[in-house]
Engineer: 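Quick one: structure below, then a few questions.
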Amino acid sequence: LVWFEIAREHTNKWARWVYARMFEEDAGPSEAMLPRIKADADDLVVAKAHIKSGDLRAGAVYVRAAYEACLRSICQEFKIPISFKSNPKEVKAETLWMAILRCHVTRAKSGKGDFIDPALIPRVSAIRSAVLNSLSHSGSSSLNSTDLEAARETVIQLRKTTLKAT
C-alpha cells in the first residue's frame with residue numbers, strides 16, 4: 001500500500017492516470033481468496049461515506065490520509081524544504097505542517113502576501129488536536145461526526161487555498 005500511495009501522490013497532478021486498488025476478498029472458510037479490483041476514490045469522499053454510516057474511526061483514517069497527502073502535495077508543489085527521509089512515509093504530518101507554516105510566515109514578513117489563508121491556520125490546528133491526535137490514541141475515542149465533518153471541510157479548504165498560493 002505504501003508504494004501505491006507514493007505513486008499516486010507523484011502522478012496525481014498529471015491527470016492522465018486512472019488509479020485502482022487490487023485486494024483479496026474472502027470467499028469462504030474452505031475457498032481460495034478472490035482477487036478484486038476497485039476504482040480508487042478521493043479519500044475525503046470515502047471519509048464522508050464512513051462518517052454518514054457512523055463508522056467514525058474509518059472516517060477519521062481517511063480524513064487523516066487526505067490531510068497528509070495534501071500537506072505532501074503542498075510541500076512538493078511549492079518546493080518547501082523539509083528534512084530528507086529515504087522513505088517518504090517517515091516524514092510526519094507535523095513536520096510538513098510546520099514547514100508550511102514557516103513558509104507562510106517568511107512570505108508574509110517579506111511582504112509577498114499570505115501563502116495560505118490565515119483563517120485556515122487555527123482550523124488546521126483544531127483538527128490536528130481534535131481529530132488526528134484522537135485517532136492516534138487507542139482505547140475509547142472522543143471522535144464525533146461534527147468534528148470529523150469539520151476536519152473534512154478544513155482539508156477541502158486547505159486544498160483550495162493552496163491553489164492560489166503562487
Side-chain angles (χ1 to χ4, degrees), residues 1-15 17-77 82 85 87-101 116-117 119-163:
L1 187 58
V2 171
W3 288 110
F4 172 82
E5 298 296 333
I6 292 170
R8 183 176 66 170
E9 287 175 20
H10 182 72
T11 61
N12 200 27
K13 299 252 187 248
W14 298 352
W17 287 75
V18 176
Y19 307 98
R21 294 180 185 262
M22 186 172 182
F23 61 97
E24 292 178 317
E25 186 175 292
D26 190 7
S30 61
E31 302 292 325
M33 298 291 273
L34 298 173
R36 295 281 186 237
I37 295 178
K38 182 172 113 179
D40 190 43
D42 182 339
D43 286 335
L44 293 177
V45 172
V46 176
K48 185 170 187 153
H50 282 295
I51 294 166
K52 275 187 168 182
S53 73
D55 189 353
L56 302 183
R57 191 151 182 83
V61 167
Y62 281 95
V63 169
R64 178 163 66 186
Y67 169 69
E68 290 176 359
C70 181
L71 296 180
R72 289 178 198 287
S73 176
I74 292 167
C75 288
Q76 181 174 334
E77 182 176 346
I82 54 170
K85 299 281 186 187
N87 179 352
K89 292 296 179 180
E90 290 178 7
V91 178
K92 304 293 180 209
E94 176 73 9
T95 301
L96 299 168
W97 178 240
M98 290 298 127
I100 291 167
L101 287 178
I116 59 174
D117 179 354
L120 274 176
I121 295 171
R123 289 177 59 192
V124 170
S125 295
I127 68 164
R128 286 173 53 235
S129 61
V131 176
L132 305 177
N133 287 342
S134 295
L135 186 59
S136 300
H137 303 295
S138 59
S140 62
S141 175
S142 61
L143 294 171
N144 64 65
S145 59
T146 304
D147 287 344
L148 279 176
E149 189 54 38
R152 200 181 74 77
E153 286 297 323
T154 299
V155 175
I156 290 169
Q157 293 306 311
L158 187 59
R159 284 178 176 175
K160 288 179 183 176
T161 195
T162 55
L163 294 175

Engineer: Could you measure the distance from the OH atom of Tyr67 to the OG1 atom of Thr154? Nearest 0.5 Å is fine.
Structural biologist: 10.0 Å

Engineer: With distance as the sole test, does Ser125 use its side chain to make a donor-acceptor pair with the main-chain N or O of Ile121 at under 3.5 Å?
Structural biologist: yes

Engineer: Is there a donor-acceptor contact under 3.5 Å from the side chain of Arg72 to the main chain of Val91?
Structural biologist: yes

Engineer: Enter the distance from His50:NE2 to Asp43:CG here, rounded to the nearest 0.5 Å.
Structural biologist: 10.0 Å

Engineer: So how far is it from Cys75 SG to Ile82 CD1, rounded to the nearest 0.5 Å?
Structural biologist: 5.5 Å

Engineer: If I compare all heavy atoms of Ala47 with all of Val63, which pair ends up nearest, and what's the gap?
Structural biologist: CB-CG2, 3.7 Å

Engineer: Can you tell me how far NZ of Lys48 sits from CG of Asp42, rounded to the nearest 0.5 angstrom?
Structural biologist: 11.5 Å

Engineer: Distance from Leu148 atom CG to Arg57 atom CZ, nearest 0.5 Å?
Structural biologist: 11.0 Å

Engineer: Could you give the distance from CD (Glu153) to CG (Leu44), rounded to the nearest 0.5 Å?
Structural biologist: 9.0 Å

Engineer: If you look at every heavy atom in Ser145 and Ile51, which pair is closest and at what distance?
Structural biologist: CB-CG2, 4.0 Å

Engineer: How far apart are the closest heavy atoms of Asn144 and Asp147, and which atoms are they?
Structural biologist: OD1-N, 2.7 Å

Engineer: Which side-chain N or O atoms in residues 93-101 pair as donor and acceptor under 3.5 Å with protein atoms at least two apart or in another chain?
Structural biologist:
residue	atom	partner	partner atom	Å
Glu94	OE1	Arg128	NH2	2.2
Glu94	OE2	Arg128	NH2	3.2

